[in-house]
Structures are given as C-alpha cells and as structure tokens.
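Written out below as structure tokens is the structure these notes cover.
In the text below, chain A, chain B and the rest are named by the order of the sequence lines, each starting its count at 1.
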Amino acid sequence: GNSVTQMEGPVTLSEEAFLTINCTYTATGYPSLFWYVQYPGEGLQLLLKATKADDKGSNKGFEATYRKETTSFHLEKGSVQVSDSAVYFCALSVLSGNTPLVFGKGTRLSVIA
Amino acid sequence: SAVISQKPSRDICQRGTSLTIQCQVDSQVTMMFWYRQQPGQSLTLIATANQGSEATYESGFVIDKFPISRPNLTFSTLTVSNMSPEDSSIYLCSVDRGGNTEAFFGQGTRLTVV
C-alpha cells in the first residue's frame, strides 16, 4: 500500500538555523509528493510539491527534491525564522482516480529567537 | 486551484448534542473529503463524499455518528452526532481533482465538547 513516514517531532531550532525534516514514502506507481504546512489555529496550506523524479519543489525558502532512488522527499530550509513555527506534513498522491492524499504524521517545528 | 469556505471556524458544544459543519467550494468538484485531526495528531480520513451517492466511510467511522450530505458539486456537510469530549478535534474538509494534483483544504472547524 501507500504510506508516508516522516521524522518525529517536535523540532526546536534557533532563528537562522538550518532545517531538515525527513520524509520517505512507499507507493505503487509514480506518486506526486507534497509538503503542507499548518500554522497555529489554521487549516493546511500547500507549501511545495514535486510531480516526478528529480523535480525540486520550492517556496518561501523551503526546498524538497523528489528522490526516486531513495524514495525520499526531505524538506530543507537554509535559515529558519520564528514565523516558520508550524506543523509540517509530507504527503503523496497516486494517479489512481479520485483518492485522497496519504499524509505523514506531521512534524512540529518551533523556532526561537 | 480551489477556494474552500468552511464554517463554523470553531464551536464549544455540550455533550450529547450535534454540530453540523458546512463546506462550500468555489468550483465544482467530484470528490470531497472529511478529515479529523485530534490534538497534536495527523489527519485521519473520516469519509469520502461523492455527489449523488452515499459517502464512503473509513474504518472506525460510521454514518450514524458522522452523517454526511453532498447535495451538489460545490457543497457538503458533516454532522458530528451525540457528541462526547472524545470528539473534540479539528475537522477539515478537502477537495482535490484526482490524479497527481494537490489537495485544497478548508480552514478547519475547531470543536470542543464539554
């Protein structure tokens, strides 16, 4: 079946530190991969996505590269800000009709000044 | 893209009562999904709602507890029935257009049952 495993949180970093949140997946077929962010008290927003191997998604200084050989889609940011404090979800979608995304468990990031 | 309006954004309810959550999409979509997010947890899919047919529920969720309506291609409701404190969660509606496209989410309904 399809599944997503992402690193457990919480992650606490100082402002301007480097961030990596690991995400690996298992999927039949060729999935698209996503990172969603949930700020406190809000719903989920798409942060970035990649639809095929070696694609790099990027947004707001965050990046993730679709690595088929390692079935990974790790999220990175070179210099985090306090405003990046949120919960981050890795997710995948497969081309099999109208099926919902498969989400990881989420990683809570806290950035302190 | 899709813009989803979900309401109420939050509510505090007495145990034993029911709450209906509404989800309005700015365009026609075939599939709508309802999720529950318990405190500090990830998203758990409750059910998939198709227009013109009964919703399909995931294991652990039943229609009597979470009745869903889908009267047209832009609207759906989820009712949380006979609530108990264990139902305190964020409830989210979502749509996607199938294939390898991203999903779009409402802003969520934060429910507290006392």
Side-chain angles (χ1 to χ4, degrees), chain A residues 1-10 23 25 27-53 55 57 59 64 66 73 86-110, chain B residues 1-10 21 23 25 28-51 53 55-59 61 70 73 89-112:
Chain A
N2 302 318
S3 66
V4 174
T5 303
Q6 63 181 103
M7 64 186 272
E8 299 277 338
C23 172
Y25 67 90
T28 53
Y30 300 95
S32 288
L33 302 172
F34 309 91
W35 277 100
Y36 282 83
V37 59
Q38 185 178 33
Y39 297 104
E42 298 185 13
L44 272 70
Q45 304 173 26
L46 179 68
L47 180 60
L48 54 84
K49 68 177 182 180
T51 58
K52 61 183 188 298
D55 267 3
N59 185 26
Y66 189 144
F73 193 55
V87 181
Y88 293 82
F89 293 92
C90 186
L92 68 81
S93 172
V94 294
L95 186 61
S96 61
N98 291 312
T99 55
L101 296 186
V102 177
F103 286 91
K105 292 186 181 299
T107 302
R108 182 176 298 277
L109 170 67
S110 296
Chain B
S1 68
V3 176
I4 303 172
S5 175
Q6 184 176 340
K7 59 182 182 181
S9 58
R10 60 177 62 233
I21 302 167
C23 188
V25 189
Q28 294 184 342
V29 292
T30 304
M31 312 288 286
M32 294 180 74
F33 306 99
W34 287 98
Y35 290 87
R36 181 175 72 184
Q37 185 181 23
Q38 294 177 302
Q41 303 297 312
S42 186
L43 283 71
T44 301
L45 183 66
I46 297 171
T48 301
N50 294 331
Q51 192 268 333
S53 63
T56 303
Y57 288 83
E58 298 299 306
S59 176
F61 298 96
R70 184 79 202 275
L73 290 172
S89 292
I90 298 172
Y91 292 86
L92 294 142
C93 67
S94 172
V95 304
D96 70 49
R97 304 193 184 282
N100 284 10
T101 59
E102 67 264 33
F104 301 92
F105 286 83
Q107 62 267 48
T109 296
R110 183 178 294 272
L111 170 62
T112 303

Seminar exercise, completed: Note: A/G41 and B/R110 closest approach over all heavy atoms is CA-NH2, 3.6 Å
Problem set entry | Interatomic spacing from OH in B/Y35 to CZ in A/F103 - rounded to 0.5 Å | 5.0 Å
For this session: Determine the option with the most heavy-atom pairs under 4.5 angstrom with chain A, choosing from B/R10, B/Q41, B/Q37.
Result: B/Q37
Exercise. Of the backbone (N, CA, C, O) and the side chain (C-beta and beyond), which part of A/L46 lies under 4.5 Å from a heavy atom of chain B, both, or neither?
Worked result: side chain
Exercise. Taking all non-hydrogen atoms of both residues, which atom of A/G43 and which atom of B/L92 are closest, and how far apart?
Worked result: CA-CD2, 4.0 Å
Exercise. Should A/L44 and B/L43 count as side-chain neighbours, where that means a heavy-atom distance under 4.5 Å?
Worked result: yes
Problem set entry | Region of A/Q38 in contact with chain B, defined by heavy-atom distances below 4.5 Å | side chain
Problem set entry | B/S42 side-chain N/O to A/G106 backbone N/O, donor-acceptor pair under 3.5 Å | no
